[in-house]
Each structure stands twice: as structure tokens, then as C-alpha cells.
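Notes follow once the structure below has been shown.
Since we're looking at a predicted model, the values are computed, not measured.
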Amino acid sequence: MPLATTETKKPLLGLTLDELKAVAADAGLPKFAGGQLAKWIYEQHVTSIDAMTNISKDGRRQLEDAYEIGCMPHIHRQESVDGTVKYLFPTKSGKSVETVFIPDGERATLCVSCQVGCKMNCLFCQTGKQGWEGDLTAADILNQIYSLPERERLTNIVFMGQGEPMDNLDNVLRATEILTAPYGWAWSPRRITVSSVGVKNKLKRFIEESECHVAISLHAPTHEERAELMPAERGMSIQEVVDLLKNYDFSHQRRLSFEYIVFGGKNDTLRHAQQIVKLLSGLDCRVNLIRFHQIPDVPLHGADEKTMETLRDYLSSHGVFTTIRASRGQDIYAACGLLSTAKKNEKSKT
């Protein structure tokens, strides 16, 4: 049987402890070698199988016949005037995705992608204009962390980059399991937030199979107005999302938030504020107001600062804790809704 090539070798990154034990057994290694593999990958962050020095040379050769670590360094880096850094990471499929590192004092957040492009096609999002080009594997998702130069500085991870996490749920759950498992990164799930527009059946499964924070893309409080902005509203309405969320307890450490991009004259009136209060009544949650960043050929514009502050103050005074999220990395197209690799992926085909 011919040996695997670099293109056909399977990544060890993204495998669970049980799967690593099976890999070790197939390579003729002792049972405890699966745990050794996990430590080398998720604790030591090795970049080659040959670096696993407590595994025999013969065992390493057996592993190298069919496997690789699966880590790939970034292929492009841009730094904003505010210190935000955007990385372009390759994927095993030959495409690429953008990842954003956001330092803020002692806090450092990484915004990771879960798909190449996105199917949701929200009116205000550049990633949606790209369309969907494929799901990321768990290895592709984790590589954005594994190969990040600032990895050791990270305090938080948000799944708010390219793609809809619920549309690639199996790989997102696998990635978050490895991030939080004792054999993996052993992070608290409270350091991880996963966003969603709301996908029927998938959102329920995520809430029940993960303990990570949940962020819902709201952007309009009524069915008709949200459907104009977000086609996914027709698949699972915001009322259905809220009704589902009310079945779960977010009053303790697990946090529920709603993301709300504020569009001037579109969703920023007193009526909208009143409808948000009514919609979210009975939920332990917060609302994050987000500035809109203009994208080509979209008939929307951002609200002014006074309008955003008025909206924040009204919601907070009516029992909905609300903040205005700082906008970061706009000059390098790293801010909310601006990520896209359509042109980069097109160039890779030529």
C-alpha cells in the first residue's frame, strides 16, 4: 500500500482523546500513547510528529505514514491602527479564512471562523455576499488558535467570524469540546461565546450539548423587519428563538447576549426599543449594540452616536442591560460584518 502524501495525510489536530487512542492502537503503540499524543498536541502544541520524543522512533514513523499534526501558519497578516490584527489562515481544502485577534488591556479575544463564506446572506454582512464555499473541519477551526502567534495571550474566543456556527454544528461542537476538555486546552466554557442567527433544531442541540456562552444575532425585534435583513428569519423566527431560550437557565455563569447592529432610520427608533424590551421580557440576557460598517451596494447606514446612546439608555432603564460595543479593526476590514475571503479564494484557483 502506498504511503499517504501530504495532501492525503489525516490531521491529528481536532481528534478527541478516544480517537487519539484509536490512532495509537492502529500504529501498534501501547494504550497510554493516546494520552501522550493528546499532551503533545493540546498542551505542548508541537508542529511535527517527530517532536513527540517520548514515543519511539518506530512509532513516530508509523504515525507519519498516515498522519500529520494538521497545523498551518497564517499566510497573511494585517494590523490595525488600534492594535487589532487580522490573519488569513489556509484550510485543508485549499481555501482560506480570516481570523481576528483583538487585544484590549489584559483581555485578548480571538474571533474565529467556522465556514468559508456563509449561507445566511444577511443584507448587512460582507461574508454573506461571498456565499458559502464550504465548512471548516474541527482541525481548520482549531488551527486558527493553534497557529496564532499570540495564542498564549488569549483570554476569550468568540465564534463570530465567517460562517454560521449552527450550520456547521458537528465541527463547532467538536472544536469546543477539545477547547474545554481536560485532555485538550482545558479552558472554561465561560471563556467561549458562540453566535447564531438561530437555526431550527441546531440551536437547541447546541444549548444542550455545550456549556459555552450563547450570542444571538437579533438586529430587528419583529418578524417582518428582521426578515428584510436576515433571510434566516423565515427558517426560525426571532420569536421562536426567544421561546426556545426561555426553556434554559442563563441566570448563573452561562451568559446569553443579543447582538444588535444599529442602522440609522431602520431599527433605531423608540418603537424598536419598546419592541426589544417586550421581546426579551423574562430572559436573563444582555444586548450589545454594534455600529454598522458600510459595505458596497447595501442601502443601509449607521446610526449616529447620540441615537445609539439613547437606545442603550432606554433599554437599560427598562431592565435590559445594554452596552455599545467598541468597534475595532475597521481600517483593515476586520470589524463586525466585514470579513470576506471571496477574492483571495478566487485567486487561489488561478
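Looking at heavy atoms from C-beta onward, Gln62 lies out of side-chain contact with Leu29 at the 4.5 angstrom threshold. Met230 places a side-chain heavy atom less than 4.5 Å from the side chain of His219. The shortest side-chain heavy-atom distance between Asp170 and Asp135 does not fall under the 4.5 Å cut-off. Side-chain contact between Val112 and Gln162 is absent, with no heavy-atom pair separated by less than 4.5 Å. The shortest distance between side-chain heavy atoms of Arg60 and Lys57 falls below 4.5 Å. Put simply, the side chain of His223 reaches to within 4.5 Å of the side chain of Glu233, judged on heavy atoms. For the pair Glu43 and Tyr183, the minimum side-chain heavy-atom distance is 4.5 Å or more. Using a 4.5 Å heavy-atom cutoff, the side chains of Val46 and Ile69 are in contact.
Judged purely by atom type and a 3.5 angstrom limit, Asn267 uses its side chain to pair as donor or acceptor with the backbone of Phe263. Although no hydrogens or angles enter the test, the distance criterion places no donor-acceptor pair under 3.5 Å between the side chain of Thr84 and the main chain of Ser80. In this structure a side-chain-to-backbone donor-acceptor pair under 3.5 Å is missing from Glu64 to Ser48. Not a single donor-acceptor pair under 3.5 Å links the side chain of Glu211 to the backbone N or O of Arg190. Distance alone, capped at 3.5 Å, is enough to place a donor-acceptor pair between the Ser317 side chain and the Tyr314 backbone. One N or O on the side chain of Thr180 and one on the backbone of Thr176 form a donor-acceptor pair closer than 3.5 Å. A donor-acceptor pair is defined here as one N or O able to donate and one able to accept, closer than 3.5 Å; such a pair exists between the side chain of Arg291 and the backbone of Arg325. Arg153 contributes no side-chain N or O that, together with a main-chain N or O of Arg107, makes up a donor-acceptor pair within less than 3.5 Å. Of the possible donor and acceptor atoms, one in the side chain of Arg226 sits under 3.5 Å from a partner among the backbone N and O of Leu218.
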Subject >> Candidate pair Arg271 and Glu225, rule salt bridge (Lys or Arg N to Asp or Glu O under 4.0 Å), full reasoning >> reply: CA-CA 12 Å; Arg271 172 180 66 81; Glu225 290 174 302; 2.9 Å; yes
**OP:** Test Ile157 against Thr193 for side chain to side chain contact (heavy atoms under 4.5 Å, CB included), laying out the working first.
**Re:** CA-CA 6 Å; Ile157 293 171; Thr193 301; over 6 Å; no
**OP:** Take Glu19 and Lys10, measure what salt bridge (Lys or Arg N to Asp or Glu O under 4.0 Å) needs, and give me the verdict at the end.
**Re:** CA-CA 12 Å; Glu19 289 167 337; Lys10 299 176 182 178; over 6 Å; no
**OP:** Go through the steps for Met236 and Val241 under the test side chain to side chain contact (heavy atoms under 4.5 Å, CB included), then give the verdict.
**Re:** CA-CA 7 Å; Met236 186 178 191; Val241 171; 3.9 Å; yes
**OP:** Would you check, one step at a time, whether the test side chain to side chain contact (heavy atoms under 4.5 Å, CB included) holds for Phe159 with Val172?
**Re:** CA-CA 9 Å; Phe159 282 73; Val172 168; 4.2 Å; yes
Original post:
Step by step, would you call Leu315 with Val277 a side chain to side chain contact (heavy atoms under 4.5 Å, CB included)?
Top reply: CA-CA 7 Å; Leu315 294 175; Val277 171; 3.7 Å; yes
**OP:** Take Ser327 and His293 through the test side chain to side chain donor-acceptor pair (under 3.5 Å) and record every step on the way to the result.
**Re:** CA-CA 9 Å; Ser327 182; His293 305 291; 2.9 Å; yes
Original post:
Passes side chain to side chain donor-acceptor pair (under 3.5 Å), Glu164 versus Ser196? Steps please.
Top reply: CA-CA 6 Å; Glu164 163 56 49; Ser196 179; 2.9 Å; yes
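Hydrophobic cluster membership differs between Leu88 and Met72, with clusters built from Ile, Leu, Val, Met, Phe, Trp and Tyr side chains linked at under 4.5 angstrom. Linking ILVMFWY side-chain heavy atoms closer than 4.5 Å, directly or via other members, places Tyr67 and Leu37 in a single hydrophobic cluster. There is no path of hydrophobic side-chain contacts, each under 4.5 Å, that joins Val158 to Ile324. Taking hydrophobic clusters as Ile, Leu, Val, Met, Phe, Trp and Tyr residues chained together by side-chain heavy-atom distances below 4.5 Å, Leu289 shares a cluster with Ile261. When the side chains of ILVMFWY residues are joined at heavy-atom separations under 4.5 Å, either directly or via intervening members, Phe89 and Ile145 end up in a single hydrophobic cluster.
The line from CG of Asn121 to NZ of Lys129 is 5.0 Å long, rounded to the nearest 0.5 Å. Of the inter-residue distances, the one linking Gln275 atom CD with Ile238 atom CD1 reads 12.5 Å to the nearest 0.5 angstrom. The distance from atom SG of Cys122 to atom CG of Leu229, rounded to the nearest 0.5 Å, is 8.0 Å. To the nearest 0.5 Å, atom CG of residue Asp82 and atom CG of residue Asp331 are 6.5 Å apart. For the atom pair CZ (Arg312) and OH (Tyr260), the distance works out to 15.5 Å, reported to the nearest 0.5 Å. In this structure, NE2 on His272 lies 12.5 Å from CG on Leu279, to the nearest 0.5 angstrom.
Here Lys119 does not pair with Glu133 in a salt bridge; the nearest charged N to carboxylate O distance is not below 4.0 Å. Note on Arg254 versus Asp284: no salt bridge recorded, every NZ/NE/NH1/NH2 to OD/OE distance being 4.0 Å or above. Under 4.0 Å is where a charged nitrogen must lie from a carboxylate oxygen, and between Lys200 and Glu240 at least one such pair does. Checked for salt-bridge contact, Asp58 and Arg61 meet the test: a charged N lies under 4.0 Å from a carboxylate O. With respect to the salt-bridge test (charged N to carboxylate O, under 4.0 angstrom), the residues Lys266 and Glu228 qualify. A salt bridge is defined here as a Lys NZ or Arg NE, NH1 or NH2 lying under 4.0 Å from an Asp or Glu carboxylate O, and Glu79 with Lys86 fails to meet this definition. Taking the charged nitrogens against the carboxylate oxygens, Glu68 and Lys92 do have a contact shorter than 4.0 Å, which makes a salt bridge. A salt bridge links Glu208 to Lys204: one of the charged nitrogens lies within less than 4.0 Å of a carboxylate oxygen.
With no hydrogens or angles considered, no side-chain donor-acceptor pair links Asp140 and Thr91 at under 3.5 Å. For Asp304 and Thr307, the side-chain atoms include at least one donor-acceptor pair closer than 3.5 Å. A side-chain donor-acceptor contact under 3.5 Å links Asn171 and Asn168. A donor and an acceptor atom, one from each side chain of Trp40 and Asn54, are located under 3.5 Å apart. Between the side chains of His74 and Ser147, no donor-acceptor pair of N or O atoms lies under 3.5 Å. Counted by atom type alone, Ser251 and Asp249 present one or more donor-acceptor pairs between their side chains at under 3.5 Å.
In summary, the aromatic rings of Phe124 and Phe292 are positioned with their centroids too far apart to meet the 6.0 Å limit. Aromatic pair Tyr87/His76: centroids not less than 6.0 angstrom apart.
Remark: Arg77 CZ is packed, more than 12 non-hydrogen atoms of other residues, nucleotides or ligands lying under 6.0 Å away. Remark: Lys39 NZ is loosely packed, at most 12 non-hydrogen atoms of other residues, nucleotides or ligands lying under 6.0 Å away. Under a cut-off of 6.0 angstrom, the local environment of CD in Glu305 is crowded, with over 12 non-hydrogen atoms contributed by other residues, nucleotides or ligands.
Using the six-membered ring where Trp is involved, Trp185 and Tyr146 have ring planes that are perpendicular, over 60° apart on the 30 and 60° scheme.
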